[in-house]
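Presented below is the structure to which this report refers.
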4 protein chains.
Amino acid sequence: MAATPPFPDKDKAQVPSAATGTSPAKRAQILEGAARIFAEHGYEGASMSCIARDAGVSKGTLYNYFDSKAVLFCAFIEQCTREKLPLMFRRIDEGATMADSLEHVARALIELITSPLSLMLNRVIVSEAATFPELAKTFWANGPQQATSILAAWLTRAPQSELLDVPDPTFAAEQFYALCQTHIAGRARMQLPVDTSPAYIDFVARSAVRVFLNTYQRSGPRQPPLAYVPDA
Amino acid sequence: MAATPPFPDKDKAQVPSAATGTSPAKRAQILEGAARIFAEHGYEGASMSCIARDAGVSKGTLYNYFDSKAVLFCAFIEQCTREKLPLMFRRIDEGATMADSLEHVARALIELITSPLSLMLNRVIVSEAATFPELAKTFWANGPQQATSILAAWLTRAPQSELLDVPDPTFAAEQFYALCQTHIAGRARMQLPVDTSPAYIDFVARSAVRVFLNTYQRSGPRQPPLAYVPDA
Amino acid sequence: MAATPPFPDKDKAQVPSAATGTSPAKRAQILEGAARIFAEHGYEGASMSCIARDAGVSKGTLYNYFDSKAVLFCAFIEQCTREKLPLMFRRIDEGATMADSLEHVARALIELITSPLSLMLNRVIVSEAATFPELAKTFWANGPQQATSILAAWLTRAPQSELLDVPDPTFAAEQFYALCQTHIAGRARMQLPVDTSPAYIDFVARSAVRVFLNTYQRSGPRQPPLAYVPDA
Amino acid sequence: MAATPPFPDKDKAQVPSAATGTSPAKRAQILEGAARIFAEHGYEGASMSCIARDAGVSKGTLYNYFDSKAVLFCAFIEQCTREKLPLMFRRIDEGATMADSLEHVARALIELITSPLSLMLNRVIVSEAATFPELAKTFWANGPQQATSILAAWLTRAPQSELLDVPDPTFAAEQFYALCQTHIAGRARMQLPVDTSPAYIDFVARSAVRVFLNTYQRSGPRQPPLAYVPDA
DNA sequence: TATGAATGAGGATTCATTCAT
DNA sequence: GATGAATGAATCCTCATTCAT
């Protein structure tokens, strides 16, 4: 029974080949349409006709700019990932104290993690991770890794480096990043209802900072854990 | 242009199906095939023909046991989620000290999070969360929520409750759960290469415990952060 | 058994279709193929593959021109009904006498009723009347109703109105129409063998006229009934 | 392109063959289920599973009693046609006058023609006339032909034969039968709305009688045409 | 004999891709 | 370069029929 061809070879699009289209404006127009459709329906659920219609071009033009659905999908993910993700966490807003600065970071991370763009990219990349492994790498490098790198670098810079005891800044940054995901991130990724009120985000952020500093701050009294009071 | 295009519903109210298949063995056989295909290709990418072939039954038999692809998918997810996930984190192995016990928990959580079953469920549920929101709920209840509930309950039980200051056990458990995901979980979800050596997992586990206890332990000296030494 | 079987509607609100095909020639070509297959096998018995093969186009093209089998079926019936049926009985050919004129009408009606087109439409419309009630309306309006309307109008126009006593012209026309169906129409509808020789049609037509005028003619001697002599 | 087998050979069921079932009760039970399903969905639209379920037997039993769907369909039509149709017009109820008697006949014919059974048989037989030509013959013989035969015989029997001048009784009966279909029968066959109030049926019946007798009655004055007054 | 699970060809429909205009 | 009609393989699902129990 070597009969029916089992699955379409999604990733045979290795040859960058033809793609004769040249107008950057039209290319961008197509990518915008692709973004809307892929974001809503995922890779398998999106159809090239839909994308063409949404982008306002013909299917022929689509194929002039992108050799295949797979290539278009990758281009879309790469573009979002490279151009939009990094903008969401570029630098650390310094606060009055180190704790203040870290709270800014924590809130920024939570916002990054729960942003529609990030969640959508997470969703489509996770679901196509086996088919397009490159996309996961790019996403990781431009999203989580960039954020933790910035934080790790900050941890080792004066003046905060004076106050901290951080033997492995990368790992410490990743712990902080993990703490910022408490309760919210996993649920958001599965589109389960989540409390994203500013008060709750603030609580999560301050809790993350407190737990982090209780370990990584060089001296000073241990801070007791926080508790969430919804109305506060 | 007289008529609206008439829709040939005709007699949908037949309820011809209701899955007449009854043999539990064959049902299990089908679910096994479905597991392989859904796990590899996701919901949209899997075809009923493929599943039938893989399960060693005809397409007709598939539909004798499951009314539609959606129903089969849900049955598969529900079964994995209800029957296999809870087995992966049932109880807390007590150690000599509270830190030992928490290290056992941390290792168990990391293993749960990085298990192929859990990752696969995560992947397909995330990618179909919009279509099948119930599945996310079930997964959450049987996986992460169960784990954190068990941990939260343990935190409030003597003797460890004597030694801890945990105003919000659920949140504390979720912070611990988040800490256990440091570095590993996000990468694993995207099928990126990940260091899952026992040594590294041990390091992550002990780091989580240390950070956790530095905040939630009622008294005692602050423990300095750990550093990973790969060769150790 | 948690969840209700989720229905994967997902995104039916796409309106991906709307029949993009535009070439009238190809549309006509498809309708011709559809005519042959629907006429022979009826709605349920016809398959889109067959129609595509017969029309000499691919299945995809079929769906570029018609959104579904139901739409194609309706288009086919509507076209036949609107464009071809009315041509078969447009006006009344006046004869030397009123009886002559009515005989022309009768023969035209019998030909209409027994024409392959009319019989085919009758057959498929009757068998799908419950599913596509609009088609029956359209057929009736363009076929029988048009014919009886024309006749009813003629009955009330001078000079024949002078000679006739017709209190209810519509009903009178329908009686005449019914008389023209004597012996032939019912059998033809069931594809039973039928004597459609000109001589027999002539006999039926003249019998209808005679019976009709014996009641509706204002004065003059009653005409005795006719008898059919096959050899004549 | 002698490629795909175009249509299933519906009528290959010539060999009466196996059909090992023997219990007449079970056979009747199956036919009752078949009646309901075929009546509602037609031949193509009915499924053997549906029929089995509706009849309360297994599919295996179905095939023990009837070799195929085609055979079952024919058996169902034959049974209805032979056993139920003739009961609907068995004899002529004599009235005080010949006109009275004919009015009884006319009303009985109209009721026969518009009865659900007759319309259903008409529908399914017409739609499958090409596939099962035998059924049309049987239906005709047991329905319209029987009715017109009885009437033709009555026309030639004393005392009415004395009063009538009927050179071709069969044809005369068929004209009467045709007149009884005025306005109602064609519409009913297409499931178009039809006035079946007793008053209207009465009007149609009396009109048919009047028109008939104005030609076929041996003597007496011409009766003027009737007009329908709904409220009367 | 009665059952109903199993079969697999065939149904309507979709969609990535090509190519003549 | 842009278009969109045409293609046909692949999709989910149905159903007449068979056959082991």
Task: Touch class at under 4.0 angstrom, heavy-atom based, for A/Ala46 against every strand present - done: sugar-phosphate
Task: Residue met sooner reading DNA chain E from 5', once B/Val57 and D/Val57 are mapped to nucleotides - done: D/Val57
In a table with atom names and distances, give each donor-acceptor pair under 3.5 Å that connects a side chain of residues 26-39 of chain A to protein atoms at least two apart or in another chain.
| unit_1 | atom_1 | unit_2 | atom_2 | d |
| --- | --- | --- | --- | --- |
| A/Gln29 | NE2 | A/Ala55 | O | 2.8 |
| A/Arg36 | NE | A/Asp54 | OD1 | 2.5 |
| A/Arg36 | NH2 | A/Asp54 | O | 3.4 |
| A/Arg36 | NH2 | A/Asp54 | OD1 | 2.7 |

Task: Residue pair C/Lys69 / C/Glu44: nearest heavy atoms and the distance that separates them - done: NZ-O, 3.6 Å
- [ ] Let me know, please, whether A/Ser49 or B/Thr61 comes out on the 5' side of the other along DNA chain E by nearest nucleotide.
- [x] B/Thr61
- [ ] Measure distances between side-chain N and O atoms of C/Asn64 and base N and O atoms of F/dA6, and say whether any donor-acceptor pair falls under 3.5 Å.
- [x] yes
Task: Per-nucleotide pairing state of DNA chain E [Watson-Crick or G-U, under 3.5 Å; [ ] pseudoknot-crossing; | other strand] - done: .||||||||||||||||||||
Task: Under 3.5 Å donor-acceptor pair, C/Lys59 side-chain atoms to E/dG11 base atoms - done: no
- [ ] Answer yes or no: is there a side-chain heavy-atom contact under 4.5 Å between C/Ile77 and C/Thr138?
- [x] no
Open item on the list: Any non-hydrogen side-chain atom of B/Cys74 less than 4.5 Å from a side-chain atom of B/Phe132?
Closed with: yes
Open item on the list: Holding to salt bridge (charged side-chain N to carboxylate O under 4.0 Å, His left out), I want the full list of residues that pass it with C/Glu40, two or more places apart in sequence or in another chain.
Closed with: none
Task: Check: C/Tyr65 side chain, C/Leu72 main-chain N or O, donor-acceptor pair, under 3.5 Å - done: no
